[in-house]
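Working notes for the structure below.
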Amino acid sequence: MSSYSIKDLEGFTGIKAHTLRIWEKRYHVLKPQRTSTNIRTYDDEDLKHILNISILNRHGYRISDIIKLSEKEICEKVMQLSQRCADTHSQIENLLMAMIEMDEEIFHESFNQSVFKSGFEDTFRYLIFPFLERVGLLWQSGSITPAQEHFVSNLIRQKLIVAIDSIISPRKPDALHFVLFLPEGEWHEIGLLFTHYLIKKWGHYTLYFGTNLPIETIQPVLEK
DNA sequence: TTTTGTGCTGTGGCAATACA
DNA sequence: TGTATTGCCACAGCACAAAA
């Protein structure tokens with residue numbers, strides 16, 4: 001069970017800490033635990049609840065109406081919204097939810113919905129990369145655990161690897177050769193994999209060496 | 001149709017306190 | 001010691017209903 005500060009919730013939901021406190025006071029939206037010095041701490045259930053509320057609120061639901069709904073009704077309305085009006089912000093929040101809950105099904109559903117609607121490339125440009133930027137900020141602030149970050153990164157890697165593997169574009173007559181790698185100490189390969197996908201799709205040759213490659217090992221490859 | 005009053009909501013600012 | 005968090009009050013903007 002993770003523990004979050006009010007600032008963490010602000011980062012996840014985009015709702016200002018000030019507003020969260022007012023919601024708590026006026027509407028009893030959340031009942032966070034308190035430290036011995038009265039600082040609020042929130043758990044995963046609180047975070048899920050406030051993420052759902054923030055989605056409804058952003059879609060025009062008044063906070064005073066939202067609090068009259070049961071947890072089940074809130075979830076149903078969020079599901080309806082995500083099916084009917086899958087805007088990028090909501091999709092990013094769905095992915096955040098999938099990451100926090102480590103729920104593969106939510107991830108696949110959101111991802112596939114976006115691919116169906118916008119295509120694979122635009123899903124990465126307008127959903128996955130903005131999502132990863134958000135993850136980066138949450139990572140820096142310590143709001144998410146390494147396990148959560150790795151969980152979602154690996155799901156994204158899988159999607160890219162499958163997509164790369166399934167490309168059957170014919171090689172161009174003037175196809176170029178690309179050597180793809182990340183230098184020593186660099187492990188985050190999602191951008192590199194997406195580049196691999198694009199280059200292969202455009203009909204060029206690729207040699208993919210992955211992450212953390214000592215630079216001196218590349219020279220023989222280039223000569224060969 | 002326009003004006004007015006009321007309630008709802010989010011935000012700014014402040015002082016006190018906790019934390020790193 | 002600087003920053004973050006708390007609780008509180010005040011206020012502006014907006015929506016909506018009632019009255020003129």
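All of these numbers come straight from a predicted model, not from anything done at the bench. Per chain, numbering begins at 1; letters A, B, ... match sequence-line order.
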Take atom [atom1] of [X] as the centre, draw a 6.0 Å sphere, and report whether it contains more than 12 heavy atoms from other residues, nucleotides or ligands.
X	atom1	value
A:Phe178	CZ	yes
A:His188	NE2	no
A:Glu216	CD	yes

> Can you tell which of B:dT9, B:dT11, C:dT6 lies closest to the side chain of A:Arg40?
Replying inline: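 The answer is C:dT6, which lies nearest to the side chain.
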> NA contact type, A:Ile22, heavy-atom cut-off 4.0 Å: base, sugar-phosphate, or nothing?
Replying inline: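 Base, at least one base heavy atom under 4.0 Å.
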What is the distance, rounded to the nearest whole Å, between atom [atom1] of [X] and atom [atom2] of [N]?
X	N	atom1	atom2	answer
A:Glu24	B:dG10	CD	P	15 Å
A:Ile53	B:dT9	CD1	P	13 Å
A:Ile63	B:dT11	CD1	C1'	15 Å
A:Leu20	B:dT11	CG	C1'	13 Å
A:Arg21	B:dT11	CZ	C1'	12 Å
A:Trp23	C:dG7	CH2	P	17 Å

>> Could you work out, with side-chain contact (heavy atoms from CB on, under 4.5 Å) as the rule, every residue matching A:Phe107, not counting sequence neighbours?
In response: A:Leu95, A:Ala98, A:Phe111, A:Val152, A:Leu155, A:Ile156, A:Lys159
>> Between A:Thr19 and B:dT9, is there a contact of a side-chain N or O with OP1 or OP2 at under 4.0 Å?
In response: no
